[in-house]
Enquirer: 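For reference, the structure I am asking about is given below.
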Amino acid sequence: MPSRYYVTTPIYYVNAPPHLGTAYTTILADVLRRFRALCGDESRMLTGTDEHGAKLEAKAAEHGMTPIDFVNKMSAPFRAAWPQLNIEPDDFIRTTEPRHIKVVQDLWQKVEKNGGLYLGHYEDWYCIGCESFKTEKELLPGNLCPVHQTAATKLKEETYFFRLSDWEKPLLKFYEKNPNFIAPESRRNEVISFVEGGLKDLSVSRTSLTWGIPVPGNPRHVMYVWFDALTNYISALGPDGANANDLRRFWPPSSRAVHLVGKDILRFHAIYWPAFLLAAGYREDELPSQIFAHGFLTVDGEKMSKSLRNGVDPLRIATELGADVLRYYLLRAISCGQDGDFDHAALIERYNADLGKNLGNLLSRVLGLCTKMTAGKTPEVGTLTELEQSLIDTMSASARKAAAAFDEIAPHRALEAIWDVSFAANQYVDRAAPWAEAKAGRVDRVETILATLLEALRHLSVMMWPVMPKKSDEMRLQLGLSAVSPRIGDDQWPSAFEPRAGGEPLAPSGPLFPTLDKDAVHALLEKLVPQVPEAPAANTSDPVQPAQSAEKAAEITYDDFTKIDLRVGIVKTAEKVPKKDKLLRLTVDLGEAEPRQIIAGLALSFAPDALVGQRVLVVSNLAPRDFGKGLVSHGMLLATGPSDALSLASAPDNAPAGARLK
Ligand code: MSP
């Protein structure tokens with residue numbers, strides 16, 4: 001009997017298009033699905049969109065659209081995006097679909113029948129951004145939500161309460177019995193201490209809102225969006241109760257079901273969701289197998305801003321560099337489960353180093369040697385020496401380690417283990433020196449060395465497939481192999497050294513990852529690094545061009561340095577620039593007849609008044625820069641940090657305006 005594996009992503013709110021954060025989870029789910037399929041499991045991946053609730057009702061109104069028209073329009077780009085990232089979900093669920101609504105109402109009725117709901121009044125706070133109830137204690141001064149920094153709304157309405165408090169003890173026991181239910185461990189501990197702090201009953205319906213699933217028997221109420229949304233994980237599997245349907249096949253205990261979520265929505269999944277299911281009559285062995293929370297991504301060291309998402313468009317990166325390269329970078333560079341940074345410069349560095357110089361070069365080198373030494377055909381393996389044995393040992397250790405790491409949802413470690421083979425094979429070519437053996441006329445040795453290398457490449461092509469399916473196909477084409485094609489019940493994960501028979505054709509066709517030279521890197525960064533039009537391109541430390549800051553600037557001579565006229569300035573006036581939320585218009589005294597006008601991208605970090613009277617450091621001989629409508633900047637202030645937390649470089653208190661820095 002093959003095992004079954006069910007992996008899900010959160011369903012995404014359609015208030016904004018897909019971004020790097022949502023792409024990350026969806027790629028991760030696809031990689032895990034592919035890995036389990038490769039090992040012979042019957043696997044299934046689900047993603048989709050979350051389309052009800054106060055946030056979307058408000059967004060639709062902002063756009064002058066009905067909620068349904070709005071969500072129809074906004075859901076489509078999600079469905080279209082994933083294949084462009086080589087993601088192949090088995091299903092895509094929308095919470096406005098009848099198949100979902102039916103199952104949610106059914107779950108509600110089961111909870112109600114079991115006495116899990118009661119009618120009451122809710123009077124407290126609600127953050128529309130989180131779609132979550134908040135207590136006064138959880139809010140910042142001014143009733144701001146600490147996550148969204150926007151004002152929470154005071155609600156006072158009739159509501160159905162879910163008896164969440166009943167599940168406090170059973171959940172704690174369940175977590176104890178099932179230590180892997182919440183991962184990573186640090187997150188598990190957070191959830192446990194939260195539950196230990198006490199669970200209050202949860203408001204699960206709204207009367208002040210119409211955009212939701214009607215409560216059966218009381219349509220004045222619509223369901224709380226999280227009751228609705230969480231149910232997608234089972235509604236996509238079909239109605240309960242039917243024989244041999246997907247719900248029975250892909251839901252525990254017949255299947256291993258893993259929900260991937262961001263750390264911000266762990267509580268909903270690790271507390272509410274199992275409590276809803278238990279209250280509806282599901283047994284403990286019918287709860288999801290694991291809730292895995294990944295961390296948050298920053299971009300080039302900066303928080304992804306809600307409105308701009310730092311302009312990083314995963315689809316654009318996929319177009320420029322290939323979806324597999326983005327997939328590799330995200331999974332290799334970020335320790336899954338931890339917060340991580342998406343750094344454009346590091347992306348290109350890894351492209352050139354790990355992919356181009358290491359793996360790509362190995363392929364070209366081995367195929368090149370085969371063209372010369374075995375007439376472009378697979379060689380026949382002969383007697384193995386210690387040299388080969390050592391590479392074979394690396395191959396089997398790598399396969400073991402990588403498989404374990406994928407299963408632990410640690411793709412960064414899996415890729416590290418896979419690349420061990422590439423490193424070892426590159427070293428092996430040099431040590432085994434087939435060219436020297438050829439010169440000495442030892443044809444058997446030449447063939448054995450090249451056969452061993454081709455087998456290492458075959459292993460690599462299989463193990464990389466979950467992360468880089470297209471590149472694996474390309475590589476296998478060159479190796480004269482058919483594309484990886486998982487089959488249920490057939491474990492194809494490499495486990496043995498099985499070089500092919502000799503005499504089969506190889507088909508080299510150029511580099512797998514053509515190296516990007518300095519100019520190409522520069523051009524690519526220009527295209528990829530987000531440019532925010534209203535921010536000055538080179539003002540302050542320029543938070544919108546951070547990738548360049550990761551690279552060392554080219555060396556300059558002392559003469560070059562002296563061309564920069566750095567002066568102490570004193571800010572005389574400061575005001576916001578209308579309609580440009582990042583810009584301030586300053587006048588700065590540089591010891592000249594008149595203070596100069598400088599336009600600076602400081603508005604997210606400083607109130608204008610706070611700057612007046614400050615001593616600042618100014619690049620005073622920068623060519624004037626026109627921001628349009630008479631807004632010309634005559635200089636640049638020095639500063640460092642992300643655009644919403646900049647620190648200004650400062651001058652000593654007694655330095656006069658206009659003093660030159662040297
Ligand atoms: N609709 C809910 C989920 C319901 S699941 C039953 C939701 N949607 S969301 O669109 O706001 O967020 C979806 C996911 O994106 C969350 O897992 C969230 O953690 C993730 N991310 C949003 N910004 C992110 C980063 N900057 N980095 C990584 N993931 C991030 O919540």
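Order of appearance sets the numbers: ligands from 1, and atoms from 1 within every ligand.
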Enquirer: Within ligand 1, which atoms have a heavy atom of Gly262 less than 4.0 Å away?
Expert: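 Checking each atom against Gly262, I get 17 (O), 19 (O).
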Enquirer: Can you check whether Phe162 and Tyr224 have ring centres sitting under 6.0 Å from each other?
Expert: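 Ring-ring flag for Phe162/Tyr224: false, centres at least 6.0 Å apart.
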Enquirer: Do Asn143 and Lys134 have side chains that get closer than 4.5 Å, going by heavy atoms?
Expert: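 Sidechains of Lys134 and Asn143: no contact.
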Enquirer: Can you figure out which of Thr22, Thr231, Thr95 has its heavy atom closest to atom 15 (O) of ligand 1?
Expert: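 The option holding the nearest heavy atom is Thr22.
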Enquirer: Taking only heavy atoms of Ala229, which atoms of ligand 1 are found under 4.0 Å from at least one of them?
Expert: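 Near Ala229, the atoms of ligand 1 are 6 (C).
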Enquirer: Just to be sure I read this right, does ligand 1 sit under 4.0 Å from the backbone of Tyr233, its side chain, both, or neither, counting only heavy atoms?
Expert: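 Answer for Tyr233: side chain.
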Enquirer: Give a yes/no on ligand 1: does Tyr24 have at least one heavy atom closer than 4.0 angstrom to it?
Expert: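 Judged by the 4.0 Å heavy-atom criterion, Tyr24 does not count as contacting ligand 1.
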Enquirer: Measuring centre to centre across the rings, with the benzene-like ring taken for any Trp, is Phe342 within less than 6.0 Å of Tyr329?
Expert: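 Close enough - the centres of the two rings lie under 6.0 Å apart.
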Enquirer: Short N/O distance, under 3.5 Å, between Tyr13 and ligand 1?
Expert: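 Checking ligand 1 against Tyr13, an N or O pair does fall under 3.5 Å apart.
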Enquirer: Given side chains that start at C-beta, do those of Arg327 and Met468 come closer than 4.5 Å, heavy atoms only?
Expert: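 When only atoms from C-beta onward are counted, Met468 and Arg327 do not touch, as no gap falls below 4.5 Å.
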Enquirer: Quick one, Asp407 and Phe35 - any side-chain contact, counting heavy atoms below 4.5 Å?
Expert: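 The answer is yes; the side chains approach within 4.5 Å.
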Enquirer: Checking salt bridge (charged side-chain N to carboxylate O under 4.0 Å, His left out) against Arg44, which of Asp30, Asp91, Asp90 comes through?
Expert: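 Among Asp30, Asp91, Asp90, the one that satisfies the salt bridge (charged side-chain N to carboxylate O under 4.0 Å, His left out) with Arg44 is Asp91.
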Enquirer: So, is Gly295 polar-close to ligand 1, with some N/O to N/O distance under 3.5 Å?
Expert: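 By distance alone, the answer is no.
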Enquirer: Is Asp41 reaching over with its side chain to a backbone N or O of Ser43, donor-acceptor style, under 3.5 angstrom?
Expert: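 Not at all, since once roles are kept as given, no pair shorter than 3.5 Å links the two residues.
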Enquirer: For ligand 1, does Trp226 get within less than 4.0 Å through its side chain, its backbone, both, or neither, judged by non-hydrogen atoms?
Expert: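 The answer is the side chain of Trp226.
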Enquirer: Regarding atom 3 (C) of ligand 1: of the candidates Ile11, Asp264, Val225, which has the closest heavy atom?
Expert: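 Shortest heavy-atom distance from atom 3 (C) of ligand 1: Ile11.
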Enquirer: Could you list which atoms of ligand 1 come closer than 4.0 Å to a heavy atom of His294?
Expert: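 Per the distance check, 28 (C), 29 (N).
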Enquirer: Does Lys263 use its side chain to pair, donor to acceptor, with the backbone of Gly295 at less than 3.5 Å?
Expert: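 Not confirmed, Lys263 side chain does not pair with Gly295 backbone.
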Enquirer: Between Leu297 and ligand 1, which part of the residue brings a heavy atom under 4.0 Å of the ligand: side chain, backbone, both or neither?
Expert: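 Under 4.0 Å from ligand 1, Leu297 contributes backbone and side-chain atoms.
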Enquirer: Is Glu131 touching ligand 1 with its side chain, its backbone, both, or neither, if touching means heavy atoms under 4.0 Å apart?
Expert: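 For Glu131, there is no contact with ligand 1 at all, from either part.
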Enquirer: Report, in ascending order of atom number, the atoms of ligand 1 lying under 4.0 Å from any heavy atom of His19.
Expert: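 Every atom of ligand 1 under 4.0 Å from some heavy atom of His19: 22 (C), 23 (N).
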Enquirer: Does any part of the side chain of Pro469, heavy atoms only, come nearer than 4.5 Å to the side chain of Asp324, both counted from C-beta?
Expert: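 Side-chain contact under 4.5 Å: yes.
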Enquirer: Closer than 4.0 Å to some heavy atom of Asp50 - which atoms of ligand 1 meet that?
Expert: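 Reading through ligand 1 atom by atom, the close ones are 1 (N), 2 (C), 4 (C).
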Enquirer: Using a strict 4.0 Å cut-off to heavy atoms of His269, name the atoms of ligand 1 that fall inside it.
Expert: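 It comes down to these atoms of ligand 1: 5 (S), 6 (C).
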Enquirer: In a check of side-chain hydrogen bond (donor to acceptor under 3.5 Å, both in side chains) between His100 and each of Asp228, Asn232, Thr231, which one passes?
Expert: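 For His100, the side-chain hydrogen bond (donor to acceptor under 3.5 Å, both in side chains) test succeeds with only one of Asp228, Asn232, Thr231, which is Asp228.
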Enquirer: For atom 31 (O) of ligand 1, which candidate among Asp228, Ile265, Asp339 holds the nearest heavy atom?
Expert: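 Shortest heavy-atom distance from atom 31 (O) of ligand 1: Ile265.
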